[in-house]
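Read through the structure below, which is laid out as structure tokens, and then see the notes.
In each ligand, atom 1 is the first atom listed, and ligand 1 is the first ligand listed.
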Amino acid sequence: MTKIANIDLDPTRIPRHVAIIMDGNGRWAKRHGLARMFGHKQGVTTVHQITETAAEIGIEYLTLYAFSTENWNRPKEEVDALMSLLVDTIAKETPTLMKNNVRLQTIGDTDRLPELARQRFEECIAQTADNTGLNLVLALSYSSRWELTHAMREMAHDIQAGQLRQECIDEETISAYLTTRNIPDPDLLIRTSGELRISNFLLWQLAYAELYFTDCLWPDFTKEEFIAALQDYQHRERRFGKTSEQVQ
Ligand code: FPP
């Protein structure tokens, strides 16, 4: 097998878009007798490693579920600490993104983020806008049901305003009203920590994604674990509803 950056992967079958539900920070902290925030801090190290690996391998899009709409319901101290961690991480990691030619984007209801976090993300998005390598998409204050509700409201508004014709609505129209409008659908979804759920993440976009679940907790998810997920993906046959013979 040909190697990419000395990694056993088939360069012709690299997923274009990998989405990850980073789960298990709290349990990792508990196992180490630490407060939950230590798990999130360790999780940032994993984010750094996996982003670098994705860039190295030539993945085009990496979407990380960093904060869900439902996460706003966590205790206030944890929400505040997570927001501070995001702000600090963006400040610290922007040079790494530049060095690795990574372009940052966000999806989600980012208007709900504290002013400072919103500002920092906007600055980083502007600074990395011309980078041409990996697109790192952070889902922040994101949930699929929020996104679909928002999209349906916008579509209803545009129909009323005479800018959209009801009979012209097709799958492409719907995709264009989602916050992922310029992003291809994920080819592979990874969820860490042994939970077998999608948890309101990219429900429309994951229609044909391959799913990969691992018991590994997010802070323990190494480059090797990531490559194992990609190798597993490369052995899947993607049929998109067709027969095996049709796709061979
Ligand atoms: C899930 O673990 C993780 C989160 C809700 C937050 C993810 C955030 C990070 C990894 C840090 C910041 C990210 C970026 C992109 C800089 P959990 O708390 O639900 O774990 P548990 O299920 O074990 O309690």
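The protein heavy atom nearest to atom 15 (C) of ligand 1 is L138 CD2, 3.7 Å. Given atom 5 (C) of ligand 1, the protein heavy atom at minimum distance is N71 OD1, 3.6 Å. For atom 3 (C) of ligand 1, the closest non-hydrogen atom on the protein side is M22 O, 3.2 Å. Of all protein heavy atoms, the one closest to atom 9 (C) of ligand 1 is N25 ND2, 3.8 Å. Here the protein heavy atom with the shortest distance to atom 6 (C) of ligand 1 is A66 O, 3.4 Å. Atom 20 (O) of ligand 1 has as its closest protein heavy atom G26 N, 3.0 Å. Counting protein heavy atoms only, atom 14 (C) of ligand 1 is closest to L86 CD2, 3.8 Å.
I14 is not connected to L189 by any chain of hydrophobic side-chain contacts under 4.5 Å among Ile, Leu, Val, Met, Phe, Trp and Tyr, and they are in different clusters.
Residue E93 places no heavy atom under 4.0 Å from ligand 1. Remark: distances from the non-hydrogen atoms of R36 to ligand 1 include one below 4.0 Å.
Interface atoms of ligand 1 facing V44, defined by a heavy-atom separation under 4.0 Å, are 11 (C), 12 (C). Near R27, with a cut-off below 4.0 Å to any heavy atom, the atoms of ligand 1 are 21 (P), 22 (O), 23 (O). Here is the list of ligand 1 atoms found below 4.0 Å of a heavy atom in R74: 5 (C), 17 (P), 18 (O), 19 (O).
A donor-acceptor contact under 3.5 angstrom links the side chains of R191 and S199, judged on distance only.
Cation-pi geometry between K242 and F240 is not met: the NZ or CZ atom fails to fall both under 6.0 Å from the ring centre and inside 45° of the normal.
Across N135, N131, T128, a single residue satisfies side-chain hydrogen bond (donor to acceptor under 3.5 Å, both in side chains) together with R103, and that is N135. Exactly one of T214, I50, T46 qualifies for a side-chain contact (heavy atoms from CB on, under 4.5 Å) with F226. That residue is I50.
Below 30°, between 30° and 60°, or above 60°: for Y142 and W146 the angle between ring planes is above 60°, a perpendicular geometry. Under the 30°/60° scheme for interplanar angles, the aromatic rings of Y61 and H17 are found to be tilted.
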Please report the C-alpha distance between K92 and D88 in whole Å, then the side-chain angles of each, then the deciding distance to 0.1 Å, and finally whether the salt bridge (Lys or Arg N to Asp or Glu O under 4.0 Å) criterion is met. CA-CA 6 Å; K92 199 169 137 239; D88 293 350; over 6 Å; no
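Looking at T89, L64, V79 and measuring to atom 16 (C) of ligand 1, the nearest heavy atom belongs to T89.
Not a single donor-acceptor pair under 3.5 Å links the side chain of D232 to the backbone N or O of A229.
Checked by distance only, ligand 1 and D23 come closer than 3.5 Å through their nitrogen or oxygen atoms.
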